[in-house]
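Values below: all heavy atoms of this structure, side chains included; hydrogens, waters and symmetry mates excluded.
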Amino acid sequence: MTEVSVSILIPCYNAEQWIGEAIESALAQTYPHTEVIVWDDGSTDGSADVIASYEPNITWGSGPNRGGAAARNELLERASGSWIQYLDADDYLESDKLTQQVEDLQVSPQDVDVLYGPVTMQYEQEEGVRKDVLPIEYPDDPWASLVTWDLPQTGGPLWRKGAIMDVGGWKEDQPVCQEHELYLRLLMADKNFVYADSGGAVYRQWSEETVCRRDQPKTYRHRLAIMRRAEEFLIDQDMMTPVRRRALNQAYLECSRMVWLFDRDWARSIIAHVEAMNEGQFQPSDQVPRSYRWLYRLFGFNTAERVAAWKRKLVS
């Protein structure tokens, strides 16, 4: 196997409970040509002490709290590898993650800028740990995967360092949906995304206080803004295909249904946009129940959602 240098970059903020496991999973990689760099982003718990205990096997530094995107940029500047493996401090990697993905890089018939595949979601629950592999519905179309939010969490891909640098790195004032905003700029810059079945990144869900979960309206505002930017770019560049339009329709409906729970006027405006972009011919896909599709077709979005809410109350 040709030597490919990989920098494993771990930003940390108040992750004393998890940071040790993240570092150990990075050090345990079976692929040998790696370095591990950790940046403590102004933690106020014991994270820095845990990180320091892994010297000299890692390189690390710290600074005032500036947020996850700024920490990832700081790490990027310090990385010497030509490829980047990001790893959030509360997640971990399977030991052969990099071995598999470097092999995938070398057997790919095309140049790669972002190699991505499925991520394992690990749910930390009172009754125990549950793991699910998150599928990617459109593995051959990263644009469709972007708008359906299927492109993997930050630790899933292997990123070419030069590609990230070419688009200016992480957007430091992006409060949520940070990897998706970066994915969008990489796709707009015509960087090459390649799917491979190998996974190996484990995304731990253990708190409702994560950046994306504690403020749902903010998260959906930014998610929908990214989707609209993608849609406008695809139309402007004459790159909108039936598959991508179908994926956008699917994603807009999913978002509108969630937004309806806290802002019905906003939800209706999302569907109005979908109807306009489909010249009044939009119908929900078979990913929603048949009864919902029937109600939507006869009475519209608002009635379909009211009935869905009533049914949820009956079974709760």
Side-chain angles (χ1 to χ4, degrees), residues 69 72-73 76 83-84 86 104-105 108-118 134-154 156-196 219-256 259 266 269-285 287:
R72 293 186 192 105
N73 280 336
L76 190 66
W83 288 88
I84 302 298
Y86 280 109
D104 289 334
L105 279 180
S108 173
Q110 52 192 312
D111 291 336
V112 182
D113 292 303
V114 180
L115 183 78
Y116 70 102
L134 303 181
I136 295 177
E137 185 178 353
Y138 300 97
D140 298 324
D141 192 332
W143 279 101
S145 293
L146 170 69
V147 298
T148 55
W149 239 237
D150 279 349
L151 285 180
Q153 169 267 352
T154 313
L158 200 54
W159 314 71
R160 187 187 295 276
K161 180 180 179 181
I164 303 177
M165 300 294 284
D166 285 347
V167 299
W170 295 77
K171 190 171 184 289
E172 296 188 4
D173 61 353
Q174 181 78 21
V176 294
C177 308
Q178 293 169 347
E179 63 264 64
H180 295 87
E181 194 280 333
L182 176 58
Y183 283 140
L184 174 62
R185 283 185 287 120
L186 288 164
L187 286 168
M188 291 171 68
D190 201 28
K191 299 303 181 183
N192 194 22
F193 284 57
V194 173
Y195 175 85
T219 297
Y220 277 100
R221 279 196 302 274
H222 285 277
R223 175 174 176 174
L224 286 158
I226 290 168
M227 289 165 56
R228 287 293 290 270
R229 284 173 62 195
E231 181 179 39
E232 290 165 3
F233 180 87
L234 289 170
I235 292 171
D236 182 65
Q237 299 297 313
D238 197 24
M239 293 169 57
M240 183 65 77
T241 65
V243 168
R244 291 168 182 172
R245 172 52 64 193
R246 185 166 64 250
L248 273 162
N249 291 345
Q250 168 188 334
Y252 278 131
L253 178 61
E254 176 186 325
C255 288
S256 66
V259 169
W266 182 14
S269 73
I270 298 168
I271 288 298
H273 172 75
V274 177
E275 294 284 1
M277 297 307 294
N278 289 271
E279 299 179 343
Q281 300 302 307
F282 169 69
Q283 292 293 329
S285 72
Q287 293 186 340

### Message
Please find the pair of heavy atoms, one from A189 and one from V167, that lie closest to each other, and give the distance.
### Response
CB-CG1, 3.7 Å

### Query
Just one of K171, E172, R72 clears the side chain to side chain donor-acceptor pair (under 3.5 Å) bar with Q178, so which one?
R72

### Query
Given side chains that start at C-beta, do those of T148 and R246 come closer than 4.5 Å, heavy atoms only?
no

### Query
Between M277 and M240, is any pair of side-chain heavy atoms under 4.5 Å apart?
no

### Query
Around D111, counting heavy atoms of other residues, nucleotides and ligands shown, do more than 12 lie under 6.0 Å from its CG?
no

### Summary
Rounded to the nearest 0.5 Å, the CD1 atom of I226 sits from the CG atom of L182 at a distance of 10.0 Å

### Query
Can Q250 and E137 be counted as having a side-chain donor-acceptor contact under 3.5 angstrom?
yes

### Query
Short question: side chain of S145, backbone of P142 - any donor-acceptor pair under 3.5 Å?
no

### Validation row: L253, V274 side chains within 4.5 angstrom (heavy atoms)
no

### Task
Write down the atom of Q110, the atom of N192, and the distance for their closest heavy-atom approach.
OE1-ND2, 3.2 Å

#### Entry: Pairwise side-chain contact, L76 with M165, heavy-atom cut-off 4.5 Å (strictly under)
yes

### Task
Please work out whether the ring planes of W143 and F233 are parallel, tilted or perpendicular, with thresholds of 30° and 60°.
parallel

### Within 6.0 angstrom of Q237 CD, more than 12 heavy atoms from elsewhere
yes

### Message
Main chain of W170, side chain of N73: is a donor-acceptor contact present, judged purely on distance under 3.5 Å?
### Response
yes

### Task
Mind listing the closest non-hydrogen atom pair of G169 and R185 along with its distance?
O-NH2, 2.8 Å

### Message
Could you tell me if the side chain of Y220 sits less than 4.5 Å from the side chain of C177, heavy atoms only?
### Response
no

### Message
Salt bridge or not between E231 and R244? Use side-chain N to carboxylate O under 4.0 Å.
### Response
no

### Message
Using the rule given for side-chain contact (heavy atoms from CB on, under 4.5 Å), can you reason through F282 versus Y252, listing the C-alpha separation, both sets of side-chain angles and the distance that settles it, and then say yes or no?
### Response
CA-CA 11 Å; F282 169 69; Y252 278 131; over 6 Å; no

### Straight-line distance of W159 CH2 to L115 CG, nearest 0.5 Å
11.5 Å

### Query
Can you check whether P152's main-chain N or O pairs, donor with acceptor, with Y183's side chain at less than 3.5 Å?
yes

#### Entry: Non-hydrogen side-chain atoms of P157 and W83 separated by less than 4.5 Å
no

### Message
What's the separation between atom NE2 in H273 and atom CG in N249, rounded to the nearest 0.5 Å?
### Response
9.0 Å

### Query
Are any non-hydrogen side-chain atoms of R229 and E181 less than 4.5 angstrom apart?
yes

### Query
What class does the angle between the rings of F193 and Y116 fall in, given that below 30° is parallel, 30 to 60° is tilted and above 60° is perpendicular?
perpendicular

### Task
May I ask you to test the L105-L158 pair for a side-chain heavy-atom distance under 4.5 Å?
yes

### L151 CG to L187 CG distance, which is reported to the nearest 0.5 Å
7.0 Å

### Message
To the nearest 0.5 Å, what is the distance between CG on N278 and CZ on R245?
### Response
5.5 Å

### Query
Roughly how far apart are D141 CG and I136 CD1, rounded to 0.5 Å?
12.0 Å

### Task
Measure up the H180 and W149 rings against each other and bin them: parallel (under 30°), tilted (30 to 60°), perpendicular (over 60°).
parallel

